[in-house]
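Quick one: the structure is below, and I'll ask about it shortly.
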There are 2 protein chains.
Amino acid sequence: MEAPIKILIADDEPDIIEIISFHLNKLGYEVATAKDGSEAIEKANSFAPDCIILDVMMPKRTGFEVCEYLRTQKKFDKTLIVLLTALNDEASHIKGLELGGDDFISKPISPKVLVSRITALFRRLQPTESDKKIITINDLMIDISQYKTVLKGVTYVLAKKEFELLYLLAAQPGRVFLRGEILSQVWGNDVIVGDRTIDVHVRKIRAKLGIDCITTVKGVGYKFNY
Amino acid sequence: MEAPIKILIADDEPDIIEIISFHLNKLGYEVATAKDGSEAIEKANSFAPDCIILDVMMPKRTGFEVCEYLRTQKKFDKTLIVLLTALNDEASHIKGLELGGDDFISKPISPKVLVSRITALFRRLQPTESDKKIITINDLMIDISQYKTVLKGVTYVLAKKEFELLYLLAAQPGRVFLRGEILSQVWGNDVIVGDRTIDVHVRKIRAKLGIDCITTVKGVGYKFNY
DNA sequence: TTACTTAGTTAACAATTTGATAATGTTAAC
DNA sequence: GTTAACATTATCAAATTGTTAACTAAGTAA
């Protein structure tokens, strides 16, 4: 990235805000702040940050709520979301992951830990594997440039949505995609479709390919597994 | 880290030095000491510690001054700095964080607290990905991003609540979780479920995994133990 | 245009899984 | 040895997902 990386910090404790922004500023990041959940969403829209640090416990809207909302917006597709939780609050970790958080940092905060985590996150964001156009898993090949799916040398024609769904899941085999995540990635956030729609598409993929490459994780979502 | 972790302790009270170094030594850390700020800087250079514990109130140079100086040196980039402050001295706390301190411990010092804080600091510095989503204990692996539980290479499918319960307990092996604690973490505060519900889920986990990884602490709660 | 095809969605229903409870059996503590 | 706490089992209701068929809209060829 050429322009300075922009980071939004949302916390209701001014001290925390001050400390974090001081350190991030020193490192050359462009920093904006918000003192509650509602302001966080406003600032997220106007400031368009690359990374948002959200305290879980905030007035008006909690960090979870903000995270959940942001993840429904295509605009914040690639925005990193870091949640600040109370120490050893494992349940929050689970909840946060389900809502699409990218990392968690426990309070009390060490500036060094925070900064190293954030830089690590950005490092991981570098386009290496992720923007490869062709996914190959065993004898299954998924080529997005041709919208083509080849299994054991045989080409299968998937419809657009079917293909996009398969591609999304296969891009990260094993990782569980929540239904909401799938909806926003494949269908977009402005389209409203029922829940059964995903099932039906999954079924069609399974039927066409004739293999059980998509595993259901009940109560959670689906994952690619072949 | 392969070599023993090196810790430098700087305090003008010999008693404090002695107590802290005794406990850290016992845990296998390599310890050096300094009795004032100037000596702290000398020793920091010659000893090259991984972690420096600084009393804020010291002769010659205060902990703040030492901290500020160290932070200007590239050499001490990755060195953890822990400041010892007077009880409830919020101003020092903030000032210290701004100067690049990583943690604060209030006097009077409990050796146990000190040690646990330091190990926690080292742990939190670890890369995010590994300790964020995957818990590994011996030959048991719990991966929340895949909702997967692998024991001795065999994958076991746990239901959502089962998984979350196991994850909660396994995140802090040995620690006893009270029933109320488990309820609020796994089920949430607004849901009201009976006490037997926990038992049943614990039983299901034990049955599925086939190992006694969850120990009952009668009259108190449960703990992970494997 | 008209008839035909296809993709995408929905609705209705079936099948499955899960979570919670109640009832009863066991165990450990006092 | 009694009692409180926990384990076990069976059972049921609710939640979740799978399946099928039908409908709509859009595209395509005659």
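What you see is a predicted model; the values in this text were computed from it and never measured. Throughout, a chain's letter reflects where its sequence line sits, starting with A, and its residues are numbered from 1.
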Out of dG18(D), dG8(C), dG19(C), which has the shortest distance to the side chain of D199(A)? dG18(D)
Please report, rounded to the nearest Å, how far the P atom of dG19(C) is from the CZ atom of F163(B). 13 Å
Ion pair present between D199(B) and R206(B), side-chain N to carboxylate O less than 4.0 angstrom?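 No.
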Please give, in whole Å, the distance from dC6(D) C1' to F177(B) CZ?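 After rounding, the gap between these two atoms is 20 Å.
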Atom NZ of K204(A) to atom P of dG8(C): distance rounded to whole Å?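 About 7 Å, once rounded to whole Å.
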How many angstroms lie between OG1 in T149(A) and CG in L158(A), if you round to the nearest 0.5 Å?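 T149(A) atom OG1 to L158(A) atom CG measures 4.0 Å (nearest 0.5 Å).
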Length of the CD1-C1' vector between I205(A) and dG18(D), whole Å: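 The distance from CD1 of I205(A) to C1' of dG18(D) comes to 14 Å, rounded to the nearest Å.
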Any T197(A) side-chain N or O less than 4.0 Å from OP1/OP2 of dT10(C):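 Answer is yes, contact under 4.0 Å.
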For V200(A), which contact category applies under a 4.0 Å heavy-atom criterion: base, sugar-phosphate, or nothing? base
Phosphate OP1/OP2 of dA5(D): any R179(B) side-chain N/O under 4.0 Å: no
Atom CG of L70(A) and atom CG of N45(A): how far apart are they, to the nearest 0.5 Å?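 Answer rounded to 0.5 Å: 8.0 Å.
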Could you check how far CZ of R196(A) sits from P of dA7(C), rounded to whole Å? 22 Å
Using a cut-off of 4.0 Å on non-hydrogen atoms, how would the nucleic acid contact of I192(A) be classed: base, sugar-phosphate, or nothing? sugar-phosphate
For atom CD1 of I198(A) and atom P of dG8(C), their distance in whole Å: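 Rounded to the whole Å, the gap is 14 Å.
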What is the distance, to the nearest angstrom, from the NE2 atom on H201(B) to the C1' atom on dA20(C)?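 It is 8 Å, rounded to the nearest whole Å.
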Should dC12(D) form a Watson-Crick or G-U wobble pair with both distances under 3.5 Å, which nucleotide is its partner? dG19(C)
Are any of T216(A)'s side-chain N or O atoms less than 4.0 Å away from OP1 or OP2 of dT16(D)?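 So the side-chain polar atoms of T216(A) never come under 4.0 Å of the phosphate oxygens OP1 or OP2 of dT16(D).
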Which whole-number value in Å describes the distance from L158(B) CG to dG19(C) C1'? 15 Å
Map K218(A) and D195(B) onto DNA chain C by nearest heavy atom, then report which one ends up closer to the 5' terminus. K218(A)
Between D143(A) and K148(A), does any side-chain N to carboxylate O distance fall below 4.0 Å? no
For dC6(D) and R203(B) - does any side-chain N or O of the residue sit under 4.0 Å from the phosphate oxygens OP1/OP2? no
Short side-chain N/O contact from Y222(B) to OP1 or OP2 of dA7(D), under 4.0 Å: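 Answer yes for this pair, as a side-chain N or O of Y222(B) is under 4.0 Å from OP1 or OP2.
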With distance as the sole test, does D12(A) use its side chain to make a donor-acceptor pair with the main-chain N or O of D36(A) at under 3.5 Å? no
Which nucleotide sits closest to the side chain of K161(A): dA20(C), dG8(C), dT10(C)? dG8(C)
Taking only the side-chain heavy atoms of W187(B) (C-beta and beyond), determine which of dA7(D), dG19(C), dT9(C) contains the nearest atom.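 Looking only at heavy atoms from C-beta outward on W187(B), the closest nucleotide is dG19(C).
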